[in-house]
Amino acid sequence: MILTDLFSMILRLAELAFAAIVAGLTGNYLHSVEGSSSWDQGRFIYTEVVAGLSIIFSIIWLFPFSGSFIHWPADLFISVMWWVSFGLMVNWLNGTCGYVFDWDGISFHGVDTCAEWKADIAFAFLSALCWLVSALVGIYWVHRHRTPPATTSAGYRRRRWYRSRV
């Protein structure tokens with residue numbers, strides 16, 4: 001029980017960190033193209049909104065209460081939103097910087113636009129993956145904590161077929 005709580009907290013912290021990185025990188029780009037049309041920047045505005053929602057929900061659900069596991073449909077929905085954001089950014093990059101996950105030639109020094117976009121895409125991918133794993137942990141937790149079947153007035157509870165002693 002404590003392991004699922006601990007694992008859930010680690011996932012929420014990773015979701016928070018990855019969303020903050022994506023929000024910062026995408027926000028930096030949106031700030032640099034401030035005067036352009038909003039229609040041209042729709043995919044980045046969408047990514048910024050998804051990152052903002054992820055930051056809010058990961059902070060709210062960070063604390064390991066049993067109620068945080070029943071939010072697995074929201075986790076799954078946010079994961080789908082992150083996968084869409086990942087796809088939109090990969091589609092926008094369109095191979096201009098090479099293969100999306102090719103990290104050769106990337107360094108911490110200097111300004112490399114391709115490196116920033118690849119980092120943005122990679123952290124969107126990691127965030128989508130974390131939200132998906134968080135949803136799977138929630139499904140597992142809910143499945144393990146279902147209420148047992150009701151007993152009859154005589155105190156007899158029907159056994160399942162695979163537990164019969166015949």
Side-chain angles (χ1 to χ4, degrees), residues 1-30 42-93 99-103 106 115-166:
M1 189 61 159
I2 191 90
L3 290 176
T4 55
D5 290 339
L6 184 63
F7 188 62
S8 174
M9 187 182 299
I10 290 169
L11 281 173
R12 296 291 181 198
L13 284 171
E15 292 163 2
L16 177 64
F18 297 154
I21 291 169
V22 170
L25 290 171
T26 308
N28 184 29
Y29 171 74
L30 285 173
R43 67 186 75 217
F44 305 110
I45 295 170
Y46 173 79
T47 301
E48 195 72 19
V49 168
V50 170
L53 288 173
S54 295
I55 290 170
I56 290 169
F57 286 129
S58 64
I59 288 173
I60 291 172
W61 295 331
L62 178 66
F63 304 107
F65 301 116
S66 63
S68 66
F69 291 110
I70 62 171
H71 300 296
W72 65 266
D75 289 337
L76 190 62
F77 182 70
I78 292 173
S79 175
V80 168
M81 290 184 351
W82 272 113
W83 289 116
V84 169
S85 175
F86 169 75
L88 286 171
M89 287 192 293
V90 168
N91 187 26
W92 180 78
L93 200 58
Y99 183 65
V100 176
F101 292 112
D102 180 19
W103 290 87
I106 295 177
E116 288 179 8
W117 284 117
K118 286 182 180 183
D120 203 8
I121 289 170
F123 283 111
F125 176 81
L126 289 173
S127 186
L129 203 59
C130 283
W131 283 99
L132 182 63
V133 171
S134 184
L136 293 175
V137 168
I139 291 170
Y140 171 76
W141 190 90
V142 168
H143 177 70
R144 297 286 290 168
H145 291 86
R146 279 194 219 160
T147 56
T151 57
T152 62
S153 60
Y156 173 73
R157 188 177 82 180
R158 184 174 176 206
R159 286 190 225 154
R160 298 187 180 195
W161 64 271
Y162 56 85
R163 291 185 182 163
S164 76
R165 295 187 181 141
V166 177

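- Using cut-offs of 30° and 60° for the angle between ring planes, the Trp83 and Phe86 rings count as perpendicular.
- Here the straight-line distance linking atom CD of Glu48 with atom CG of Leu25 works out to 9.5 Å at 0.5 Å rounding.
- Closest approach of Ala74 to Trp61, counting heavy atoms only: CB-CH2, 3.5 Å.
- Two residues are said to be in side-chain contact when any heavy atoms from C-beta on lie closer than 4.5 Å; Arg12 and Asp75 meet this criterion.
- Using a 4.5 Å heavy-atom threshold, the side chains of Val22 and Thr47 count as touching.
- Taken from CH2 in Trp72 to CG in Leu132, the straight-line distance is 12.0 Å, to the nearest 0.5 Å.
- Rounded to the nearest 0.5 Å, atoms OG (Ser134) and CD1 (Ile10) are 12.0 Å apart.
- Taking the six-membered ring for Trp and the full ring otherwise, Trp82 and Phe125 have centroids separated by 6.0 Å or more.
- The line from CD1 of Ile45 to OG1 of Thr26 is 11.0 Å long, rounded to the nearest 0.5 Å.
- The distance from the CD1 atom of Ile78 to the OG atom of Ser85 is 13.0 Å, given to the nearest 0.5 Å.
- Leu88 and Arg43 get closest at one heavy-atom pair: O-NH1, 2.8 Å.
- Going from atom CH2 of Trp117 over to atom CH2 of Trp92 covers 4.5 Å, rounded to the nearest 0.5 Å.
- Cys130 and Glu15 get closest at one heavy-atom pair: O-OE2, 3.2 Å.
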